[in-house]
K.L.:
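Encoded as structure tokens, here's the structure I'll be asking about.
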Amino acid sequence: MSIITVSSNSRKISEEIGKRSAAILEYQIFGQETLVTETSTSYGTPGEDFSRTLSDSPSLRGISSKKRKELLACLQAQFARFLLADNIVYTGPIGHLFIQGISHVLKVYVAESIEDQASRLMDEEQISLNKAMKIIKHREKDHSKWIKETFGVDDPAPSSFDLKIELDKVDIEKAYQLIVETVGEKRFKAMTYSRNQMADHELAYRVRALLVDLNPDIRVLSQGGEVTVYSKSPGRARERSLKVIRERVETIDGVVKLKVNVREDLFRRMEKGKR
Amino acid sequence: MERIVEILLLDDEPIVGKRLKPALEKLGYKVEIFEDPVAALQRIDEKEFDIIVTDICMQQIDGIQILDHVVSKFPRTKVIMITGYAMIEVARKAMEKGAFDFIAKPFKPDDLRAVVTKAVEAL
């Protein structure tokens, strides 16, 4: 009973490896499209907005930073909901960043050489090797920038993964075998602790997704249904903020106890005072 | 006649044994509690328990050492690890070494009862 996230510098490779590993293990599989579609249905926001959040780097003409945080919170909540199922494979670029610290989640990174990626792109797009290399380098640069600005980490950071496979050293058949063997190790077996942690994460992300419009940096922790919300609010708005948070959270399924900690946002108060 | 399931419960905090012993005895299990890991280890050498519930962070001998000892000597015994300092590395290490399950404190007696019930079924 485990979960596998497969990330790669090549979407085609992560999908192929994910599908094949899921078939061997008889696990369910989902990818970015399913995540976007289901999040869109759950939160009533167009799927295109979620897709753009997952692909476009922050820019002045793009989605605002606040809106991006709201959309990501919804995606993360939906992602965690999928992972409650166990025996599941996710293929996509952000799986390893959306859920952290759960012992039965095996995080795999598969690296395809730039030459192999370029060669495939040349065939697909009927372009020169030089142009294909340029496109791939540009995509990788954009992706790294997106990860850095969205999650504040370098990607792919070796410490983010349990298993890193380099396809110029290992053939693809061996890659499936490595994943299947690794996830079969006892250390990746689900246990009461890791299942409870997953449930805690899922509830915290679900609560956060419903509050993030109040404060894009709002933090939510959950332990066994006891939810703690940490937020900031300027001066007189603090009482109202507390009330709104309580009203929204108390009706959420799974919340047995709620603590709300809203500190005064002195910077915003000072800003308002200057106006 | 069905044999009574025998459980050894080791935790250096006396309150843990005091609270959990009656919770497990209610289910019909025979429970011995220990606060001193050295004394617990001596008892483990004398008798093959069905289930051992052990804390991880203890002085002198830690729960992982208890687990190693039990796994090598009594492979049939199910070992359940409990800890107030749960971390992914420790959890994975315990499972790798053959723990049956791993629970983070604080937990309710019902949570442990559920895990022990699963361990009994797996015996």
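Predicted, not measured: the structure shown is a model, and the values here were computed from it. Each chain gets a letter, A, B and so on, in the order the sequences are listed, and its residues count up from 1.
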K.L.:
Check whether more than 12 heavy atoms from other residues, nucleotides or ligands sit under 6.0 Å from atom NZ of B:K118, and answer yes or no.
P.N.:
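For B:K118, atom NZ is crowded (more than 12 foreign heavy atoms under 6.0 Å).
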
K.L.:
Quick check on the interface: out of A:E185, A:K189, A:K186, A:H104, who has the most heavy-atom pairs with chain B under 4.5 Å?
P.N.:
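Highest number of heavy-atom pairs under 4.5 Å: A:K186.
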
K.L.:
Looking at A:E112, is its backbone amide N or carbonyl O close enough to the side chain of A:N9 to form a donor-acceptor pair, meaning the two atoms are under 3.5 Å apart?
P.N.:
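Judged by distance alone, yes, a pair lies under 3.5 Å.
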
K.L.:
Is there a donor-acceptor contact under 3.5 Å from the side chain of A:T91 to the main chain of A:E15?
P.N.:
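A pair under 3.5 Å: no.
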
K.L.:
Between A:S21 and A:I17, is there a donor-acceptor pair closer than 3.5 Å when you use the side chain of the first and the backbone of the second?
P.N.:
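Confirmed, A:S21 side chain pairs with A:I17 backbone.
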
K.L.:
Where on A:Q197 is there a heavy atom nearer than 4.5 Å to chain B: the side chain, the backbone, both, or neither?
P.N.:
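Nothing of A:Q197, per the 4.5 Å heavy-atom cut-off to chain B.
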
K.L.:
Is B:M87 close to chain A through its backbone or its side chain, or both, or neither, when contacts mean heavy atoms under 4.5 Å?
P.N.:
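The answer is the backbone of B:M87.
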
